[in-house]
Amino acid sequence: MDATETSPTFPRIISVDDHTVEPPHVWRDRLPSKYQDIGPRILRAPVRSMSFVGGKFAPEMGAPGDDGPIADWWVYEDLHRPLTRLDTAVGHSRDEIRLEGITYEQMRPGSFSVPERLADMDVNHVQSALCFPTFPRFCGQTFTEAKDRELALLSVRAYNDWMVEEWCGPRAHGRLIPLTLIPLWDPELAATEVRRNAARGVRAVCFSEIPPHLGLPSIHTDHWDPFLRACDETGTVIAMHIGSSSKMPSTSPDAPPAVGSTITFANCCFSMVDWLMSGAFDRFPHLRIMYAEGQVGWIPYILERADVVWEENRAWGGVADKVLRPPSELFADHVYGCFFDDAFGLKNLDAIGVGNVLYETDYPHSDSTWPKSREVGESQMGHLAPDVVERVVRGNAIELLGLTGEGLWGAGGQARPMAD
């Protein structure tokens with residue numbers, strides 16, 4: 001069967017976790033001229049050194065003419081961040097994927113170009129995809145850490161305009177689903193940005209798994225209420241990706257990357273318990289959150305334990321007056337887990353909830369199942385009824401993200417008005 005045809009046995013995938021590598025012009029074309037020399041821009045320079053140990057990425061840019069491999073670097077204020085093979089690994093064998101700097105010419109064009117992305121989605125049996133950012137990091141931490149708040153806010157808005165108007169614009173034919181950023185440093189500005197984008201049909205926004213890791217208040221305070229209220233009222237889903245706390249799980253400063261790669265779900269686990277015990281879902285009954293790339297096999301035990309704590313320890317546990325229902329019930333109504341390769345989780349799907357699980361392909365990252373996401377899904381979901389497979393692979397995403405019945409965003413990439 002041709003790769004672009006619809007499978008008679010496996011639904012076309014709606015991936016809720018792919019990634020875009022921003023092309024060089026995103027901010028250059030959208031920021032005022034006075035910011036051209038300090039706003040995000042690409043420079044080509046040598047890599048002096050690069051390491052990823054203990055969950056921390058540490059690159060150092062060399063000067064022009066220095067020895068070392070050449071890479072394209074995002075430069076923004078004092079930040080120097082190279083494009084790396086881990087950003088865009090698809091098309092390379094696993095043994096070739098190393099921590100190294102690269103240029104745009106050395107990556108698969110589908111990483112940053114819409115027509116090539118759609119072609120790669122066809123190869124992978126993917127109909128539509130929600131894409132997280134690369135240079136801004138997974139919830140816009142890059143702009144939150146910046147010194148110039150005026151420039152940072154303009155940069156957030158510029159990214160969102162590019163995401164909606166270009167990446168998910170007419171050329172995408174509704175197949176790319178917008179995911180926007182907020183100015184994390186100000187919940188009122190964040191609420192305004194949520195509403196601005198919701199008005200043009202956006203239904204998902206990035207947020208941090210564990211805001212205190214970014215030096216921000218936790219969700220146990222009322223600090224985030226303006227932002228949460230805006231999401232609740234507009235039907236905007238809060239999307240949290242592993243690493244959106246700028247701190248990947250690890251065990252020691254000298255732990256090899258394989259340790260963190262094995263336990264990437266850990267921050268999702270901690271975050272979900274935070275949300276379930278925060279009272280946020282009782283205050284904002286229409287709020288929904290999702291955990292990208294966190295897998296789902298760990299969820300049943302956490303729900304079991306959370307219910308025991310809520311029932312037996314709530315008198316002294318600080319939740320009696322604000323968490324009004326068992327955490328497992330809150331999870332069923334408000335939380336979605338996302339996976340790309342989790343046979344154990346799928347064997348225990350009933351304990352998680354058929355309506356609370358979403359499929360993803362993680363294109364173009366090193367963990368991506370591209371171009372075999374369909375084969376992985378068929379292998380791991382073969383024991384499930386066809387209607388259940390339909391829900392996991394696309395139906396739940398259509399409902400959650402407000403897509404059309406065909407699984408597309410808007411009509412031909414154009415935003416639709418907000419739902420009532």
Looking only at side-chain N and O atoms, does Thr236 offer a donor or acceptor that is under 3.5 Å from a partner on Arg203? no

Under the side-chain hydrogen bond (donor to acceptor under 3.5 Å, both in side chains) rule, what do Arg394 and Gln127 come out as? Steps first, then yes or no, please. CA-CA 9 Å; Arg394 58 185 290 113; Gln127 179 181 5; 2.7 Å; yes

Between Asp17 and His19, do the side chains contain an N or O donor and an N or O acceptor separated by less than 3.5 Å? yes

For the residue pair Glu165 and Pro170, what are the closest heavy atoms and their distance? O-CD, 4.1 Å

Between His220 and Asp274, is the side-chain hydrogen bond (donor to acceptor under 3.5 Å, both in side chains) condition met? List the steps. CA-CA 8 Å; His220 298 291; Asp274 245 1; 2.5 Å; yes

When the ring centroid of Phe143 is compared with that of Tyr76, is the distance short of 6.0 Å? yes

Going through the checks in order, is the side-chain hydrogen bond (donor to acceptor under 3.5 Å, both in side chains) test met by Glu60 and Ser49? CA-CA 5 Å; Glu60 184 179 359; Ser49 65; 3.3 Å; yes

Where is the tightest heavy-atom contact between Asp342 and Gly297, given as atom of each residue plus distance? OD2-N, 2.8 Å

Could you walk me through whether Thr361 and Ser373 pass the side-chain hydrogen bond (donor to acceptor under 3.5 Å, both in side chains) check? CA-CA 6 Å; Thr361 78; Ser373 301; 4.6 Å; no

Under-4.0 Å salt bridge between Asp333 and Arg325: yes

Do Phe227 and Phe207 have their ring centres less than 6.0 Å from each other? yes

Do the side chains of Lys372 and Asp341 get close enough for a salt bridge, i.e. N-O under 4.0 angstrom? no

Atom of Ile299, atom of Phe331 and distance for their closest heavy-atom approach: CG2-CZ, 3.7 Å

Taking Arg30 first and then Glu166, would you say they form a salt bridge - that is, a charged N and a carboxylate O separated by under 4.0 Å? yes

Hey, are Arg157 and Glu193 close enough for a salt bridge, meaning a charged N less than 4.0 Å from a carboxylate O? yes

Could Arg283 and Asp232 be called an ion pair, given the rule that one side-chain N must be under 4.0 Å from one carboxylate O? no

Might you confirm whether atom NZ of Lys347 has over 12 heavy atoms from other residues, nucleotides or ligands at distances under 6.0 Å? no

Taking the six-membered ring for Trp, are Tyr291 and His241 ring centroids under 6.0 Å apart? no

Quick test of your reading of the model: are Arg85 and Glu96 salt-bridged, counting only N-O distances below 4.0 Å? no

Considering residues, nucleotides and ligands other than Asp321, do more than 12 of their heavy atoms fall under 6.0 Å from its CG? no

Where Pro326 and Trp310 come nearest, the two heavy atoms and their spacing: CG-CZ3, 3.7 Å

Salt bridge Arg195-Glu233, side-chain N to carboxylate O under 4.0 Å: yes

NZ/NE/NH1/NH2 to OD/OE distance under 4.0 Å, Asp120 and Arg108: yes

With no hydrogens and no angle check, do the side chains of Ser15 and Asp18 hold a donor and an acceptor under 3.5 Å apart? yes

Would His286 and His334 count as a close aromatic pair, with their ring centres under 6.0 Å? no

Measure from the ring center of Phe340 to the ring center of Trp370 and say whether it is less than 6.0 Å. no

Suppose we screen for side-chain hydrogen bond (donor to acceptor under 3.5 Å, both in side chains). Which residues come up paired with Arg41, at least two apart in sequence or across chains? none

Under 3.5 Å, is there a donor-acceptor pair linking the side chains of Gln141 and Thr144? no

Assert yes or no for the condition that the ring centre distance of Phe339 to Tyr359 is strictly below 6.0 Å. yes

Salt bridge or not between Asp72 and Arg81? Use side-chain N to carboxylate O under 4.0 Å. no

